[in-house]
There are 2 protein chains.
Amino acid sequence: MVDKSICPRFEKAMGLLSQRWTGMIIYQLLIGPQRFCTIESSVGVSGRVLSERLKDLENEGIVNRKVYPETPVRIEYSLTEKGLALEPLMKDIEKWSQIWLDV
Amino acid sequence: MVDKSICPRFEKAMGLLSQRWTGMIIYQLLIGPQRFCTIESSVGVSGRVLSERLKDLENEGIVNRKVYPETPVRIEYSLTEKGLALEPLMKDIEKWSQIWLDV
DNA sequence: TTAGTTAGTTACTTTATGTAAGTAAGTATA
DNA sequence: TATACTTACTTACATAAAGTAACTAACTAA
């Protein structure tokens with residue numbers, strides 16, 4: 001008795017955003033372009049998973065990766081237009097959490 | 001070098017919403033009160049995980065569980081005020097997905 | 001030559017999820 | 001009386017995802 005009436009786009013979006021750490025990474029990148037180690041320490045995600053998530057987000061066109069061949073190499077991750085479009089959503093989570101959650 | 005400057009409330013909210021299936025369950029309950037088997041089939045989550053999630057959501061005060069001692073027993077899950085307050089957020093995901101994702 | 005940098009990757013362990021069968025409490029059917 | 005059928009779960013077991021820590025590449029500086 002399958003009765004999936006849920007919009008497949010919504011389902012895909014939720015599938016992306018409900019991966020562990022993905023939301024936190026995007027939220028952190030809303031501050032501005034950042035390098036790997038900065039995201040790692042501010043978000044508290046392991047390098048193994050961060051590397052995986054950034055690859056996925058890049059493939060989805062949500063995150064941009066820019067290499068600066070300095071020494072040591074600097075790589076900056078930033079949000080694309082598609083990624084920046086998630087800001088209202090993040091603000092809503094912020095609002096909700098401030099009203100309904102206590103620390 | 002730990003530099004977690006992220007708001008703990010936001011982090012908790014994201015921790016809740018980024019659990020697999022949680023968002024879909026809430027989205028489905030926005031339609032109205034529903035029983036276990038309806039959520040199970042419409043969302044496509046397994047009974048094992050659905051049971052776990054509904055317990056968590058009830059503990060968080062997001063979902064309400066009401067027992068109707070009919071035969072066979074009917075149990076209806078619905079969103080509390082706190083849960084309903086997540087609607088704008090869900091609408092944002094909907095909007096974003098419709099603009100930025102293709103099926 | 002040794003040490004130090006960033007941005008990863010690899011191997012291994014622990015946790016989360018999927019799958020399918022089982023349970024409890026009750027009614028209806030043979 | 002026995003068997004089957006309902007919902008709402010739970011349990012046991014298998015697989016997938018995430019955590020941890022060590023390792024690598026490419027380059028510079030001491």
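Just so you know, these numbers use all the heavy atoms, side chains as well, and skip hydrogens, waters and symmetry mates. Letters A, B, ... mirror the listed sequences (proteins, then strands); counts begin at 1.
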Please determine whether side chain to side chain contact (heavy atoms under 4.5 Å, CB included) holds for the pair B/R53 and B/M24, giving the CA-CA distance in whole Å, both sets of side-chain angles, and the decisive distance to 0.1 Å. CA-CA 11 Å; B/R53 289 296 181 274; B/M24 294 302 287; over 6 Å; no

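- Remark: D/dA30 base-pairs with C/dT1. Criterion, Watson-Crick or G-U wobble with two distances under 3.5 Å.
- If you measure from atom CD1 of A/I39 to atom P of C/dT6, you get 14 Å, rounded to the nearest angstrom.
- Taken to the nearest 0.5 Å, the CD1 atom of B/I25 stands 7.0 Å off from the CD1 atom of B/I39.
- In summary, of the residues considered (A/K55, A/E58, A/E76), a side-chain contact (heavy atoms from CB on, under 4.5 Å) with A/R65 occurs for A/E58 alone.
- Contacts with DNA chain D (heavy atom under 4.0 Å) in residues 46-55 of chain A: A/S46, A/R48, A/V49, A/E52, A/R53, listed by number.
- When distances are taken from the side chain of B/R20 to each of C/dA16, C/dT17, C/dA7, the shortest belongs to C/dT17.
- Distance CG (B/D56) to C1' (C/dT15): 15 Å, rounded to an integer number of Å.
- Distance alone, capped at 3.5 Å, is enough to place a donor-acceptor pair between the B/Q34 side chain and the B/Q28 backbone.
- Here B/E60 pairs with B/K12 in a salt bridge; the nearest charged N to carboxylate O distance falls below 4.0 Å.
- Toward the 5' end of DNA chain C, the nearer of the two residues B/Q19 and A/I75, judged by each one's closest nucleotide, is A/I75.
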Extract from the structure each pairing of a protein N or O with an N or O of nucleotides 25-27 of chain D at less than 3.5 Å, listing the distance.
none

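- A/I26 has its side chain within reach of A/M90: a pair of non-hydrogen atoms, C-beta onward, lies under 4.5 Å apart.
- Under 4.0 angstrom from either OP1 or OP2 of C/dG8 there lies at least one side-chain N or O belonging to A/Y77.
- The aromatic rings of B/F36 and B/Y77 lie tilted to each other, with the angle between the two planes from 30° to 60°.
- Atom-to-atom, CZ of A/R74 to C1' of D/dT28 comes out at 17 Å; the value is rounded to the nearest Å.
- For the atom pair CZ (A/F10) and CG (B/L101), the distance works out to 11.0 Å, reported to the nearest 0.5 Å.
- Within the 4.0 Å cut-off from OP1 or OP2 of D/dG19, at least one side-chain nitrogen or oxygen of A/W21 is found.
- Rounded to the nearest 0.5 Å, atoms CG (A/L86) and CD (A/E81) are 11.5 Å apart.
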